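What follows is a short report on a single structure.
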Amino acid sequence: MTKIAKNARRGACLGLLLLAATACAEASSPSSSPSPSTSPSTVAGASESPGASIWLAALRIEADPETLDADTADLKDILGGGLIVSPANCFVGLPPEVSGGDYVLGAQAPTEAELTALVEKTGRDPVFEGQVQMLCLD
């Protein structure tokens, strides 16, 4: 792979991570009328304070965020605002085998029932599912 191609892939990955990172800030902005989101830029269940508790279903956990690009593209229309792509060290409560340097791609919701509904829409089995604290608010 050429250096230009590697840089292009890296830029695309960083762009997706930036979308996920800005999602928390956009989700905390008040809106005049609630409407279902079809974009990963609005994250369901995001809170205005660090340490907020959310329900998370990790669908993939990888050391290299670039390996999550295809799944991120596939899931963004299915999960909408429930899609999350984030460094693992942004969560407290992940299984001990998950490294802080890993990246998590999954679904998030404010309640277990909403999370279950999101996961069912993906047709995938989560690697991990449970209540965690979200530490990163970008």
Side-chain angles (χ1 to χ4, degrees):
M1 181 178 288
T2 69
K3 188 172 186 170
I4 293 172
K6 284 182 183 178
N7 286 338
R9 285 194 66 201
R10 185 172 287 123
C13 179
L14 290 174
L16 287 173
L17 288 175
L18 180 59
L19 275 175
T22 58
C24 289
E26 290 179 15
S28 65
S29 300
S31 64
S32 58
S33 63
S35 62
S37 173
T38 57
S39 164
S41 64
T42 304
V43 180
S47 173
E48 294 182 22
S49 62
S53 181
I54 63 166
W55 284 89
L56 173 70
L59 301 173
R60 283 192 60 195
I61 299 172
E62 299 289 341
D64 180 1
E66 289 185 21
T67 62
L68 300 174
D69 289 351
D71 279 343
T72 300
D74 290 344
L75 292 170
K76 71 180 181 180
D77 289 335
I78 297 168
L79 294 176
L83 175 66
I84 188 164
V85 181
S86 186
N89 63 5
C90 285
F91 303 102
V92 173
L94 293 175
E97 61 271 11
V98 178
S99 164
D102 288 339
Y103 288 82
V104 176
L105 175 140
Q108 70 168 348
T111 67
E112 185 177 17
E114 290 175 82
L115 182 68
T116 299
L118 283 175
V119 171
E120 286 176 1
K121 288 169 52 175
T122 69
R124 299 178 185 213
D125 291 325
V127 176
F128 165 80
E129 190 170 349
Q131 198 166 22
V132 298
Q133 284 184 311
M134 188 168 193
L135 302 179
C136 301
L137 298 176
D138 300 313

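As the structure is a computational prediction, the values presented were derived from the model and not from experiment.
Considering all non-hydrogen atoms of both residues, E129 and T116 come closest at OE2-OG1, 4.1 Å. Nearest heavy-atom pair across A88 and V98 is CB-CG1, 3.7 Å.
By the rule that hydrophobic residues join a cluster once side-chain heavy atoms approach within less than 4.5 Å of another member, V119 and I61 end up as members of separate clusters. In the hydrophobic cluster analysis, where Ile, Leu, Val, Met, Phe, Trp and Tyr join through side-chain heavy atoms closer than 4.5 angstrom, W55 is grouped apart from V127. Taken together through direct or relayed side-chain contacts under 4.5 Å among Ile, Leu, Val, Met, Phe, Trp and Tyr, I54 and L94 form part of one hydrophobic cluster. If you chain together hydrophobic residues whose side chains sit under 4.5 Å apart, L68 and L118 fall into the same group. Neither L115 nor L79 shares a network with the other; the hydrophobic side chains, linked directly or stepwise wherever heavy atoms of I, L, V, M, F, W or Y lie under 4.5 Å apart, form separate groups for each.
Inter-residue side-chain proximity for V85 and P65 is flagged as unmet; no heavy-atom pair is nearer than 4.5 Å. Side-chain contact between M134 and F91 is present, with heavy atoms from C-beta onward closer than 4.5 Å. Between R124 and D71, some side-chain heavy-atom pair lies under the 4.5 Å cut-off. Side-chain contact between V92 and L135 is present, with heavy atoms from C-beta onward closer than 4.5 Å.
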Q) Yes or no on side-chain hydrogen bond (donor to acceptor under 3.5 Å, both in side chains) for Q131 and S53, after CA distance, side-chain angles and deciding distance? A) CA-CA 7 Å; Q131 198 166 22; S53 181; 2.8 Å; yes
Q) What's the verdict on side chain to side chain contact (heavy atoms under 4.5 Å, CB included) for R60 and T67, showing C-alpha distance, side-chain angles and the deciding distance? A) CA-CA 10 Å; R60 283 192 60 195; T67 62; 3.8 Å; yes
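Legend: residues meeting side chain to side chain contact (heavy atoms under 4.5 Å, CB included) with N89, ordered by chain and number and at least two apart, are P87.
Between D69 atom CG and D64 atom CG the span is 8.5 Å, to the nearest 0.5 Å.
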